[in-house]
Asker: 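Just passing along the structure, written as structure tokens.
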Amino acid sequence: TADDGSVIGFRTLTKGGFVWIAVAPDQRRQGIGSRLMEGALQQAAELGLSELTSQVDEDNLAGNAFCARFRFQPFLHAVNLSLDLRDWDSSAQIPMLDQAKASGIAFTTYAALGDTEENRQRLYALNKTLNATIPRDQPQPFTPYESYVKGRIENKTMPHEGIFIALDGDQWVGMTQVALEEGGAGE
């Protein structure tokens, strides 16, 4: 905060290792972001994290330069999408779900399957396999198991009821996960 009490920057570090740093535009290039990142790195070490991730828009040159100074490496190019649930019509999805079910695919949640070590290993292996199919500019190593468990399975913003699993018999063949954003409608 500035001398007058106004916020000039902040940082967030999740238990899963996601770091977000922001500095007011008129306060940049004064070392504030670097001090915030150094604090995040110290906190990450105290939490026993082995990796940090962040998200910067591709056209944010200053943000990308900042990340490069701290040796962050790009691993995924994403497209941000939103869905207005007030206008959502699920009827278009029903034929696809029916077709999947007719071919023997069942859908459940991680919560229904139970949070066991075996299921944690299965979820990790499935997510790792599916992650390898994402087109990237260069290969990217997947999150280590311990970090995955902390960031995805034990993270309260990623409820087990929001981890959807597609099953073909006993085999886990697909998944998606919903995360609750802090301060969002889910809280």
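Excluded from the calculations below are hydrogen atoms, water molecules and symmetry mates; all remaining heavy atoms, backbone and side chain alike, are included. Each residue takes its place number in the sequence, starting with 1.
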Asker: Let me see the working for Phe70 and Val19 under side-chain contact (heavy atoms from CB on, under 4.5 Å), right down to the final yes or no.
Answerer: CA-CA 12 Å; Phe70 284 92; Val19 63; over 6 Å; no

Asker: Count the heavy atoms of every other residue, nucleotide or ligand shown that sit under 6.0 Å from CD of Glu46, and state whether that count exceeds 12.
Answerer: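 More than 12 within 6.0 Å, yes.
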
Asker: What pairs of residues pass the ring pair (Phe, Tyr, Trp, His ring centres under 6.0 Å) test when at least one of them lies in residues 86-119, not counting sequence neighbours?
Answerer: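 Found Tyr110-His160.
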
Asker: Just how far is it from atom CG of Leu49 to atom OG1 of Thr14, taken to the nearest 0.5 Å?
Answerer: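 It comes to 7.5 Å.
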
Asker: Indicate, with yes or no, if Leu97 and Ile105 share a hydrophobic cluster defined by side-chain heavy-atom contacts under 4.5 Å among Ile, Leu, Val, Met, Phe, Trp and Tyr.
Answerer: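 Ile105 clusters together with Leu97.
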
Asker: Side-chain heavy atoms nearer than 4.5 Å, only ILVMFWY residues, links allowed to pass through others: does that put Leu130 and Tyr148 together?
Answerer: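 Yes, Leu130 and Tyr148 fall within the same hydrophobic cluster.
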
Asker: Mind checking what makes side chain to side chain contact (heavy atoms under 4.5 Å, CB included) contact with Asp26, not counting sequence neighbours?
Answerer: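 Side chain to side chain contact (heavy atoms under 4.5 Å, CB included) list for Asp26, sorted by chain: Ala24.
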
Asker: Are the side chain of Asn131 and the backbone N or O of Phe142 linked by a donor-acceptor pair below 3.5 Å?
Answerer: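 No.
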
Asker: Just to verify, what does Arg11 make a side chain to side chain contact (heavy atoms under 4.5 Å, CB included) with, not counting sequence neighbours?
Answerer: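 If we apply the side chain to side chain contact (heavy atoms under 4.5 Å, CB included) test to Arg11, skipping adjacent residues, the hits are Leu13, Ile21, Leu36, Ala40, Gln43.
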
Asker: Checking the side chain of Ser90 only, and the main-chain atoms of Gln93 only, is there a donor and an acceptor separated by less than 3.5 Å?
Answerer: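 Such a contact is absent between Ser90 side chain and Gln93 backbone.
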
Asker: With a 4.5 Å limit on heavy-atom distance, are the side chains of Trp172 and Leu123 in contact?
Answerer: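 Side-chain contact under 4.5 Å: yes.
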
Asker: Taking side chain to side chain contact (heavy atoms under 4.5 Å, CB included) as the definition, give me every residue that meets it alongside Val56, ordered by chain and number, with sequence neighbours left out.
Answerer: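 Once residues adjacent in sequence are excluded, the partners of Val56 under the side chain to side chain contact (heavy atoms under 4.5 Å, CB included) criterion are Asn60, Asn64, Cys67.
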
Asker: Under a plain distance cut-off of 3.5 Å, with no hydrogens placed, do Gln121 and Glu117 share a side-chain donor-acceptor pair?
Answerer: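 Short answer, yes.
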
Asker: Measuring from atom CD1 of Ile8 to atom CZ of Arg28, what distance do you get when rounded to the nearest 0.5 angstrom?
Answerer: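 Answer for the CD1-CZ pair, Ile8 versus Arg28, is 12.0 Å.
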
Asker: Atom CG of Leu52 and atom CG of Leu41: how far apart are they, to the nearest 0.5 Å?
Answerer: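 Rounded to the nearest 0.5 Å, the CG-CG separation comes to 6.0 Å.
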
Asker: Nearest heavy-atom pair of Arg69 and Arg29: which atoms, and what distance?
Answerer: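 Shortest heavy-atom contact: NH1-NH1, 3.9 Å.
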
Asker: About how many Å separate OH of Tyr145 and NZ of Lys128, when rounded to the nearest 0.5 Å?
Answerer: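 Output value for this atom pair is 12.5 Å.
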
Asker: Less than 4.5 Å apart, side chain to side chain, heavy atoms only: is that true for Gln55 and Phe18?
Answerer: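 Side chain of Gln55 against side chain of Phe18, heavy atoms only: contact under 4.5 Å found.
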
Asker: Would you check if Arg122 and Met175 make a side-chain contact, meaning some heavy-atom pair closer than 4.5 Å?
Answerer: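 No, their side chains stay 4.5 Å or more apart.
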
Asker: Using 0.5 Å steps for rounding, measure from the CD1 atom of Ile32 to the CD atom of Gln27.
Answerer: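 The CD atom of Gln27 is 5.0 Å from CD1 of Ile32, to the nearest 0.5 Å.
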
Asker: Do any N or O atoms from the side chain of Thr143 and from the backbone of Ser147 form a donor-acceptor pair under 3.5 angstrom?
Answerer: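 Not at all, since once roles are kept as given, no pair shorter than 3.5 Å links the two residues.
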
Asker: Answer yes or no: are there more than 12 heavy-atom neighbours, outside Asp170 itself, under 6.0 Å from its atom CG?
Answerer: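 Result for CG/Asp170: open.
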
Asker: Any side-chain heavy atom of Arg152 sitting closer than 4.5 Å to one from Asn127?
Answerer: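 Arg152 reaches Asn127 side chain to side chain.
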
Asker: Determine all donor-acceptor pairs shorter than 3.5 Å in which one atom belongs to a side chain in residues 161-169; sequence neighbours excluded.
Answerer:
none

Asker: Phe66 vs Met37, test: side-chain contact (heavy atoms from CB on, under 4.5 Å). Steps then yes/no.
Answerer: CA-CA 10 Å; Phe66 177 83; Met37 178 60 87; 3.9 Å; yes

Asker: With the threshold set at 4.0 Å, does a side-chain nitrogen-carboxylate oxygen contact exist between Glu51 and Lys150?
Answerer: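 No.
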
Asker: To check you understand the geometry: which heavy-atom pair defines the closest contact between Ser103 and Ala100, and what is its length?
Answerer: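 Closest approach of Ser103 to Ala100, heavy atoms only: OG-O, 2.8 Å.
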
Asker: Using the ring pair (Phe, Tyr, Trp, His ring centres under 6.0 Å) criterion, which residues pair with Phe10? Sequence neighbours excluded.
Answerer: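 Phe10 satisfies ring pair (Phe, Tyr, Trp, His ring centres under 6.0 Å) with Trp20 once adjacent residues are dropped.
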
